[in-house]
A.B. asks: 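Below is one structure. I have some questions about it.
Order of appearance sets the numbers: ligands from 1, and atoms from 1 within every ligand. Throughout, numbering of the chain's residues begins at 1 and tracks the sequence. All of these numbers come straight from a predicted model, not from anything done at the bench. Computed over heavy atoms, backbone and side chain alike; hydrogens, waters and symmetry mates excluded.
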Amino acid sequence: MSDQIRVLVSETQVDERVRELGKQISADYEGKTPHIVTILKGGVFFSCELAKRLTVPVTLDFMAVSSYEGGTSSSGVVKIVKDLDEPLEGKDVLIVEDIIDSGNTLSHLLKILQERHPASIRICTLLDKPERRVKKKVRVDYCGFVIPNEFVVGYGLDYDQKYRNLPYIGVVEPGQQDAEADKTQQRK
Ligand code: IMP
Ligand code: MG
């Protein structure tokens, strides 16, 4: 039943990278007030840690979209589950995401948000899996880590809503009991 998690990016590595990104983003937004649009739920852990490292004032809003039905493959369908509370007009929007995989979610989202006439829009993602990209046009302005094509959990990312609270990023490997169950299943 219990899954094993193989650490891909340690807690120390994530913390260090978030600090670096915080410095870079603070410098880039000097004299401005970025409006951080966090994509729920996965982007929350990263967004909070990042916001704490910014030295410029920020405002926050949240949006929830769905593209995955719960498994590990993309349906390609994106719908707004929770919209922003405030208008974006004239704001310097910084979208904060957990991961860019196919790019479907962000390319769709960008289209919707551009229509609300922000002064600027940039994208900051904790993780990027470029090998999986279907939408080539998604421009990533800030990225924590480029990772290989593996399904990851932790630091906001889930597998069937589990593991979001891990302080590191890891790959789920089926536990011993699951592996045995799979073998039994295959013998049937
Ligand atoms: P995209 O639309 O294919 O780019 O998918 C983006 C969304 O899929 C992310 O915001 C995640 O919620 C989810 N996702 C993609 N890859 C992973 C993964 O490796 N682990 C957990 N969630 C993932
Ligand atoms: Mg997400």
A.B. asks: Assess, by modelled atom type and distance only, whether the side chains of Y163 and D3 contain a donor and an acceptor separated by less than 3.5 Å.
C.D. replies: yes
A.B. asks: Taking atom CZ of F151 and atom CZ of R132, what is their separation to the nearest 0.5 Å?
C.D. replies: 9.5 Å
A.B. asks: State the NZ-CG distance between K32 and D92, to the nearest 0.5 angstrom.
C.D. replies: 5.0 Å
A.B. asks: So if I count the atoms of ligand 1 from 1 in the order they appear, which ones are less than 4.0 Å from some heavy atom of N104?
C.D. replies: 2 (O), 4 (O)
A.B. asks: Shortest non-hydrogen contact from I147 to L8?
C.D. replies: CG2-CD2, 4.0 Å
A.B. asks: Show your reasoning for whether side-chain contact (heavy atoms from CB on, under 4.5 Å) applies to Y155 and L166.
C.D. replies: CA-CA 6 Å; Y155 221 90; L166 295 178; over 6 Å; no
A.B. asks: As an exercise, identify every atom of ligand 1 less than 4.0 angstrom from a heavy atom of D98.
C.D. replies: 9 (C), 10 (O), 11 (C), 12 (O)
A.B. asks: Any idea which atoms of ligand 1 are less than 4.0 Å away from a heavy-atom of D158?
C.D. replies: 21 (C)
A.B. asks: Which of the numbered atoms in ligand 1 are below 4.0 angstrom from a heavy atom of T105?
C.D. replies: 1 (P), 2 (O), 5 (O), 6 (C)
A.B. asks: In plain terms, say whether K23 and D28 are close enough for a salt bridge, that is, a side-chain N and a carboxylate O under 4.0 Å apart.
C.D. replies: no
A.B. asks: Report yes or no: does L127 have a heavy atom closer than 4.0 Å to ligand 1?
C.D. replies: no
A.B. asks: What I want to know is whether V152 and ligand 1 share at least one N or O pair that is separated by under 3.5 angstrom.
C.D. replies: yes
A.B. asks: Identify, by atom number and element, the atoms of ligand 1 in contact range of E97, meaning under 4.0 Å from any of its heavy atoms.
C.D. replies: 10 (O)
A.B. asks: Nearest heavy-atom pair of F45 and R164: which atoms, and what distance?
C.D. replies: CZ-O, 3.7 Å
A.B. asks: At a 4.0 Å threshold, what atoms of ligand 1 neighbour a non-hydrogen atom of E150?
C.D. replies: 19 (O)
A.B. asks: I'd like to know whether CZ of R19 has more than 12 heavy-atom contacts from other residues, nucleotides or ligands below 6.0 angstrom.
C.D. replies: no
A.B. asks: With atom 3 (O) of ligand 1 as the reference point, say which of S102, G42, S66 has the nearest heavy atom.
C.D. replies: S102
A.B. asks: So for K129, does at least one of its heavy atoms come nearer than 4.0 angstrom to any atom of ligand 1?
C.D. replies: yes
A.B. asks: From atom 4 (O) of ligand 1, work out which of G43, G103, S107, G156 has a heavy atom at the shortest distance.
C.D. replies: G103
A.B. asks: Hey, what do you get for CD1 (I169) to CZ (R17), rounding to the nearest 0.5 Å?
C.D. replies: 11.5 Å
A.B. asks: Return a yes/no value for I100: is any of its N or O atoms, backbone included, closer than 3.5 angstrom to an N or O of ligand 1?
C.D. replies: no
A.B. asks: Number the atoms of ligand 1 from 1 as they appear, then name those within less than 4.0 Å of a heavy atom of L157, with their elements.
C.D. replies: 20 (N), 21 (C), 22 (N)
